[in-house]
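Here is the structure we will look at, set down as structure tokens.
Per chain, numbering begins at 1; letters A, B, ... match sequence-line order.
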Amino acid sequence: MIEVAADVPLWAAIPTALLVLLGAGLALTGSFGLLRLSSFYDRIHAPTLGSTLGIGCVLIASMFFFSVVETRPVLHELLITVLMVVTTPVALMLLARAALYRDRTEGNPDVPPLPGLDPEEPVPAPEGGEAPESHPAAAPAEEPASAVRTVRES
Amino acid sequence: MMARWLPYPLVAAALAGVWLLLNETVSPGAILLGAVAAVAASRVLVRLDMPRIRPRRLLAIVRLTGIVLVEIVRSNNAVARIILGRRKGRTSGFVRIPLDMRNPYGLCALACIITATPGTVWVEYDSTDSWVLIHVLDLVDEEVWVRIIKQRYEARLMEIFE
Amino acid sequence: MSAAILGWTILVAQIMLGLAMACAAYRVLRGPRAQDRVLGLDTLYVNAMMLLLTFGIRSGSTVYFDAALVIGLLGFVATSALSKFLMRGEVIE
């Protein structure tokens, strides 16, 4: 059975279809980014595609569709919207902080050190200058070292 | 009297709204039950002793929300291009940004805005020296990011919360 | 007519979401590190929520909405608990 159960007029079907496709496309792009990007800190940006605009499009499509079908405003999708707006950034922030903590305890050279702990590396760096490469003698990680720089307000 | 029975009116109103949305009704019974539940639940927050907040400058809040929404759509497009394209030479990296804002609600809002925008993630905050470490997926110039965060978001949030 | 258009596009969208879930599941299974697995799990549950919402549109019933809400709540709790564990669980030093 390919057809949907509820029958809606064409002017309602087309926006719903487009929004659902756009949302699914963004989610697929974001998840594909999980495979494509090379380091963890790059990959953490990828799922935000699906969890911001992607799920937003699907929720708007769902609200619109059910409002047309039931001929009354169906707004309870707003709950999921609020839930996603509140929880997605919190979860990602916790995860990023945990990853940074783990990388620091392992001495991974790709992450910036905590300032004040390492006397050899003065942080913040001089005005507009580049901080020295952290631990140049350490063995290179599997990913190319990302540019770690410190910037001061000018 | 008001402050004793309804210490957090905004939280209570939001909880009552959630109750009505979940029940999908605006019948008097649901409104009454929702109001009782909302007032009872919001009084629990008194135990947490959270700092008070007064909603001010509603226009600024609306404008900031619009800016954030536009920015989320734009960054979605940019990050999707980075993932699907095969551009070489893209660098990602950490940027440390000094902050002037101290208000916990303002910092919370800033953290959520930065993390919810694809392409930037709030990683670490130091409250004694007041700086924040963010990770940027497409890092061209750090100064630009410092300026964006400070002018576009921090200045507006300080206007709202401080 | 419109039901057929909507039906086919939703089918395509569901296939795309299924592929997205497969990508996330690959990240959960292969790692390479624990934080990658947690990130994959986070993506997986967001995609599952969207899949449930499209099922809801397709079947015209709002039952799927509640399932999506529960997945969202549990997914957030799972991700934050796992992140906390990654921070504090390894007390080796």
Side-chain angles (χ1 to χ4, degrees), chain A residues 25-26 29-30 32-37 39 41-42 44-49 51-54 56 72 74-79 82 84-86 88-93 95-97 99-101 110-112 114-116 123-125 128 130-131 144-154, chain B residues 14 17-18 20-24 68-69 72-77 79-84 86 90-100 108-109 111-126 128-129 131 133-139 141-147 150:
Chain A
L26 279 169
T29 311
F32 181 64
L34 278 185
L35 301 187
R36 176 96 195 269
L37 299 174
S39 82
Y41 294 101
D42 283 2
I44 202 168
H45 298 287
T48 29
L49 284 184
S51 55
T52 54
L53 202 56
R72 67 183 176 90
V74 175
L75 294 176
H76 63 181
E77 272 84 357
L78 283 178
L79 277 179
V82 171
M84 292 309 289
V85 165
V86 174
T88 309
V90 176
L92 283 181
M93 264 184 281
L95 189 57
R97 225 179 55 189
L100 188 70
Y101 172 80
D110 287 345
V111 298
L114 200 60
V123 174
E130 289 180 13
S146 53
V148 180
R149 286 169 193 161
T150 323
V151 178
R152 194 169 219 179
E153 186 187 6
S154 48
Chain B
V18 166
L20 291 181
L21 276 178
L22 208 52
N23 283 319
E24 278 200 283
V68 170
L69 284 180
I72 283 178
V73 173
R74 278 183 46 208
S75 327
N76 263 289
N77 185 19
V79 174
R81 270 171 209 281
I82 287 174
I83 291 173
L84 295 176
R86 26 185 90 258
R90 174 186 60 82
T91 53
S92 60
F94 293 91
V95 182
R96 185 167 280 138
I97 297 174
L99 289 181
D100 300 320
C108 171
C112 285
I113 288 172
I114 290 177
T115 312
T117 313
T120 48
V121 171
W122 172 288
V123 182
E124 192 179 30
Y125 173 68
D126 186 303
T128 48
D129 295 333
W131 50 259
L133 190 69
I134 67 171
H135 186 266
V136 182
L137 181 60
D138 191 6
L139 185 64
D141 186 4
E142 300 90 344
E143 303 280 353
V144 173
W145 280 103
V146 174
R147 214 169 53 233
K150 286 196 80 71

Of all heavy-atom pairs between [X] and [Y], which one has the smallest distance, and what is that distance?
| X | Y | answer |
| --- | --- | --- |
| P89(A) | A116(B) | CG-CB, 4.1 Å |
| S92(B) | D42(A) | OG-OD1, 2.6 Å |
| V121(B) | A96(A) | CG1-CB, 3.9 Å |

Just how far is it from atom [atom1] of [X] to atom [atom2] of [Y], taken to the nearest 0.5 Å?
| X | Y | atom1 | atom2 | value |
| --- | --- | --- | --- | --- |
| E124(B) | L100(A) | CD | CG | 5.0 Å |
| T115(B) | L92(A) | OG1 | CG | 7.0 Å |
| T29(A) | N77(B) | OG1 | CG | 10.5 Å |

request  = Measure the acute angle between the ring planes of Y41(A) and F94(B), then classify it against the limits of 30° and 60° as parallel, tilted or perpendicular.
outcome  =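 Ring orientation of Y41(A) relative to F94(B): perpendicular.
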
Please classify the contact between [X] and chain B as side chain, backbone, both or neither, with a heavy-atom cut-off of under 4.5 Å.
| X | value |
| --- | --- |
| L49(A) | both |
| R36(A) | side chain |
| L53(A) | both |

message = So for R90(B), is it side chain, backbone, both, or neither that comes closer than 4.5 Å to the heavy atoms of chain A?
response =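 Contact with chain A is through the side chain of R90(B) alone.
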
message = Is any side-chain heavy atom of V136(B) closer than 4.5 Å to one of H45(A)?
response =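 With C-beta onward as the side chain, the pair stays apart.
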
ask   = Side chains of T48(A) and V79(B): closer than 4.5 Å at any heavy-atom pair?
value =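 The answer is no, as the side chains (C-beta and beyond) never meet within the 4.5 Å cut-off.
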
inquiry  = Can you tell me which of T52(A), V85(A), L75(A) forms the most heavy-atom pairs within a distance under 4.5 Å of chain B?
reply    =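 Of the options given, most contacts go to T52(A).
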
message = Please identify, among R72(A), M93(A), R97(A), the residue contributing the most non-hydrogen atom pairs under 4.5 Å to chain B.
response =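 Of the candidates given, the most pairs with chain B belong to M93(A).
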
message = With chain A as the partner, which of V18(B), I72(B), T117(B) has the greatest number of non-hydrogen pairs under 4.5 Å?
response =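 Among the listed options, the one with the most contacts to chain A is V18(B).
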
